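Below is one structure, written out as structure tokens; comments come after it.
Order of the sequence lines fixes the chain letters, A, B, ..., with proteins taken first and strands second; residue numbering starts at 1 for each chain. Everything quoted here is computed from the prediction, not taken from an experiment.
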Amino acid sequence: MDNKKVKRSEDYSAWYNNLVKSADLAEHSAVKGCMVIKPYGYAIWEKMQAELDKRFKETGHQNAYFPLFIPKSFFSKEASHVDGFAKECAVVTHYRLKTAENGEIVVDETAKLEEELIVRPTSETIIWNTYRDWIKSHRDLPILVNQWANVVRWEMRTRLFLRTTEFLWQEGHTAHATSEEAIAETKQMLEVYADFAENILAVPVVKGIKTANERFAGAIETYCIEGLMQDGKALQMGTSHFLGQNFAKAFDVKYATKDNKQEYVWATSWGVSTRLMGALIMSHSDDEGLILPPNLAPIQVVIVPIISKKEEEKELVLNKAKEIQSALRKKGISVKLDDRDNTTPGYKFAEYELKGVPVRIAIGPRDVANESVEVARRDTKEKQVMSSIDIDHKIEHLLSQIQTNIYQKALDYRDQHINAVNTWDEFIDALENKTGFVSAHWDGTSETELKIKELTKATIRCVPLSNPQENGICVLTGAPSKERVLFAKAY
RNA sequence: CGGGGUGUAGCGUAGCCCGGUAUCGCGCCACAUUUGGGAUGUGGAGGUCGUAGGUUCGAAUCCUGCCACCCCGACCA
């Protein structure tokens, strides 16, 4: 266990890195920019996957799997798409190694690929090339497919979970007969993401639309959910793209309409990644460690028996602990009974706080005698001794309270950190001194957006959906504006 | 990729300037005593000092390349 304590308030970045490692979520690997996700971290990711996958299935999607490799030529078919990803692609050029005369293993230059293969940074191209063969008629539509996969983007600078060279994600790719249907799909998946973020991750998000600058390469419109981290920086947590007919045209995907006309198909794609792990960590955790929302915690309740040396007393305590464990399990709660006798209770308390376990139950000889337990909640650190009668109902209720409380706390923080400003001075002041989102009028041009980014490092995170329309003037240029947009410094 | 910094046992570190194969704490193993907020004692194991070269009788220490990580920029989910 890593005992180095770094406070959030002193060095947020070091605190984050330290927490990821000390809570056993992930570590750096021998490969540059790539991480090893450790079992505890992966367990959390699996819970995320399960919740998302359930929601995808409920909205009519099916999972499939497409190749890791994409022929280079596929990329050049959609112009803006290649522009967006060209600078960060890993390329496979050979398929064989050999032993050189000096005994070293080297690339066999005679085994050069005719056409290089790109390790997918995203799968639109290979998928749309495949869809061409799947789609002939309006009766083949819609196609509602999701894939769970790894992708590679050769980023300059990486951070555990937030930006790694290889990352895990899901990417949905759908094909529709009409523009309206595709747009409805795009919006539906945005809602799915928002629901997941708020109800499972307990992270409040702003739903919005990206500006042209921030739009996905190849999309007509990019919808997103944006979260606000505890250090006041924004994090893009998921995107849902309306791709129009761009990919259908690039890959010549047409279908026969009812009256036998050939039309191009309408497309969407949408994805969230292991970056959500970063969002989860940075939204809730504190100086003692991780704080996991119960809906996502691999271990929801840990029981720490206070074991004494006296055999019969120890047995009484353990039996009671097992009894409670089994009662909670019947409620579908995941419970760990930590009966290790080589560490003290205090050590275990600290360890499970570090790992973010929502509820801790301590049971000692005193409790057995009194039919009580000590229940501690991770989010507020409150402890109380309560009767062990009906404990399963009480804990079930408490878990749900904790879920709500964690969300509410994050929501309050977020809402307190949306600063509405009207002048450039206020804009600068908010960015420098208040942190968080800055809600301001903007003249709608990319030039202004880029200028602001250059001057302040803040970008437009999104134009919030259902944004109130109001007349105002752009904070930079003074040009008229119809609505506010959200600026922030972002990860 | 540019600027700055770091790399010594599982983790955190001392030693480096002024060359002589390494310090301390936590953790680990054994035993004993402990166990209601990170236990104590005794004994023990664990290091090609990031890596590859070079200088030297001798390199953790000096020089060079490379790798990784951290901070600041540019790029981005």
Give the rounded distance in Å between these two atoms: OH of A/Y491 and C1' of B/C75. 17 Å
RNA chain B: 5'-proximal contact among A/F167 and A/A14 (nearest heavy atom): A/A14
Is there any protein nitrogen or oxygen under 3.5 Å from a nitrogen or oxygen in nucleotides 1-9 of chain B, and what are the pairs?
none

Hits for side-chain hydrogen bond (donor to acceptor under 3.5 Å, both in side chains) against A/R55, two or more places apart or cross-chain, chain-then-number order -> A/E51, A/D195
Which part of the nucleic acid, if any, lies within contact of A/E353, taking any heavy atom under 4.0 Å across all strands shown: a base, the sugar-phosphate backbone alone, or nothing? base
Take the protein atom CD of A/E454 and the nucleotide atom P of B/C75, then report the distance between them rounded to whole Å. 10 Å
May I have the step-by-step check of side-chain hydrogen bond (donor to acceptor under 3.5 Å, both in side chains) for A/N199 and A/N295, ending in yes or no? CA-CA 8 Å; A/N199 293 312; A/N295 287 348; over 6 Å; no
Suppose you measure atom C1' in B/C49 against the same atom in B/U13; what distance do you get, rounded to whole Å? 13 Å
Are any of the side-chain nitrogens in A/E351 or A/K348 under 4.0 Å away from the carboxylate oxygens of its partner? no
Reckon A/L162 touches a base, only the sugar-phosphate, or nothing at all at heavy-atom distances under 4.0 Å? base
Just how far, in rounded Å, is C1' of B/A30 from CG of A/D341? 15 Å
I want to check something: taking the side chain as every heavy atom from C-beta on, are A/N150 and A/R120 in contact at a cut-off of under 4.5 Å? yes
Apply side chain to side chain contact (heavy atoms under 4.5 Å, CB included) to residues A/K383 and A/R377 and explain how you reach the verdict. CA-CA 7 Å; A/K383 282 195 288 197; A/R377 50 191 283 184; over 6 Å; no
With a 4.0 Å cutoff (strictly under), does any side-chain N or O of A/K457 reach OP1 or OP2 of B/C75? no
Is A/K457 salt-bridged to A/E432, cutoff N-O under 4.0 Å? no
Going through the checks in order, is the salt bridge (Lys or Arg N to Asp or Glu O under 4.0 Å) test met by A/E109 and A/K98? CA-CA 9 Å; A/E109 293 294 344; A/K98 64 176 182 185; over 6 Å; no
Are the charged groups of A/R378 and A/E288 less than 4.0 angstrom apart, N to O? no
For the residue pair A/E214 and A/T211, establish whether any side-chain heavy-atom pair is separated by less than 4.5 Å. yes
Less than 4.5 Å apart, any side-chain heavy atom of A/L455 and any of A/L476? yes
Which whole number of Å gives the distance between the P atom of B/A52 and that of B/A9? 15 Å
Please list, pair by pair, any protein nitrogen or oxygen found under 3.5 Å from a nitrogen or oxygen in nucleotides 39-46 of chain B.
{"from": "B/A39", "atom 1": "OP1", "to": "A/T344", "atom 2": "OG1", "distance (Å)": "3.4"}
{"from": "B/A39", "atom 1": "OP2", "to": "A/T344", "atom 2": "OG1", "distance (Å)": "2.4"}

Rounded to the nearest angstrom, tell me the gap between atom NZ in A/K21 and atom P in B/C26. 23 Å
Using the C1' atom as the point on both nucleotides, what is the distance between B/G10 and B/C72, in whole Å? 31 Å
Rounding to a whole Å, what distance do you find between A/E166:CD and B/C76:P? 21 Å
Heavy atoms only, 4.0 Å cut-off, all strands: where does A/Q236 land among base, sugar-phosphate and nothing? sugar-phosphate
Going by the side-chain contact (heavy atoms from CB on, under 4.5 Å) test, name the single residue among A/T165, A/V20, A/L160 that passes it with A/M35. A/L160
Is the distance between the ring centroids of A/F216 and A/F85 less than 6.0 Å? yes
I would like to know whether A/Y193 and A/Y223 meet ring-ring contact (aromatic ring centres under 6.0 Å, His included); could you show each step before the answer? CA-CA 11 Å; A/Y193 287 154; A/Y223 291 77; over 10 Å; no
Side chains of A/R153 and A/T122: closer than 4.5 Å at any heavy-atom pair? yes
Cut-off 3.5 Å, side chains only: do A/K336 and A/Y352 have a donor facing an acceptor? yes
Assess A/K72 against A/F75: is NZ or CZ under 6.0 Å from the centre of the six-membered ring, and within 45 degrees of the ring's axis? no
Nearest-Å distance, CG (A/L318) to P (B/U35)? 15 Å
Looking for any heavy atom pair under 4.0 Å, which part of the strands does A/K453 touch: base, sugar-phosphate only, or nothing? sugar-phosphate
Using the C1' atom on both, measure B/G15 against B/G53 and round to a whole Å. 24 Å
What residues 185-192 of chain A contributes to the RNA chain B interface at heavy-atom separation below 4.0 Å is none
How far, in whole Å, is B/C62 from B/G20 if one measures between their P atoms? 11 Å
Taking for each residue the nucleotide of RNA chain B with the nearest heavy atom, is it A/L160 or A/F216 whose nucleotide lies nearer the 5' end? A/L160
Spacing of the P atoms in B/C26 and B/G41 (rounded, Å): 9 Å
Nucleotide of B/C76, B/G36, B/G38 approaching A/A350 most closely (side-chain heavy atoms): B/G38
Check every strand shown and say whether A/S372 touches a base, only sugar-phosphate, or nothing at a heavy-atom separation below 4.0 Å. nothing
Using atom C1' in both nucleotides, what's the gap between B/G19 and B/G3 to the nearest angstrom? 31 Å
Between B/A39 and B/A22, how many Å separate the two P atoms, rounded to a whole number? 33 Å
Looking at residues at least two apart in the chain, or sitting in another chain, which of them share a ring-ring contact (aromatic ring centres under 6.0 Å, His included) with A/Y16? none
Take the protein atom NE2 of A/H28 and the nucleotide atom C1' of B/G50, then report the distance between them rounded to whole Å. 15 Å
Any base atoms under 4.0 Å from A/G278, or only sugar-phosphate, or nothing? Heavy atoms, all strands. nothing
For B/G37, does the base pair up with any side-chain atom of A/E351 as donor and acceptor (N or O, under 3.5 Å, distance only)? no
Please classify the nucleic acid contact of A/R360 as base, sugar-phosphate, or nothing, using heavy-atom distances under 4.0 Å. base
Rounded to the Å, how far apart are A/R159 CZ and B/A68 P? 18 Å
Ranges pairing with ranges for RNA chain B, where each run has three or more Watson-Crick or G-U pairs under 3.5 Å: B:1-7 with B:67-73, B:10-12 with B:24-26, B:28-33 with B:39-44, B:50-54 with B:62-66
What about A/K383, does its side chain sit under 3.5 Å from the base of B/G37 through a donor-acceptor pair? yes
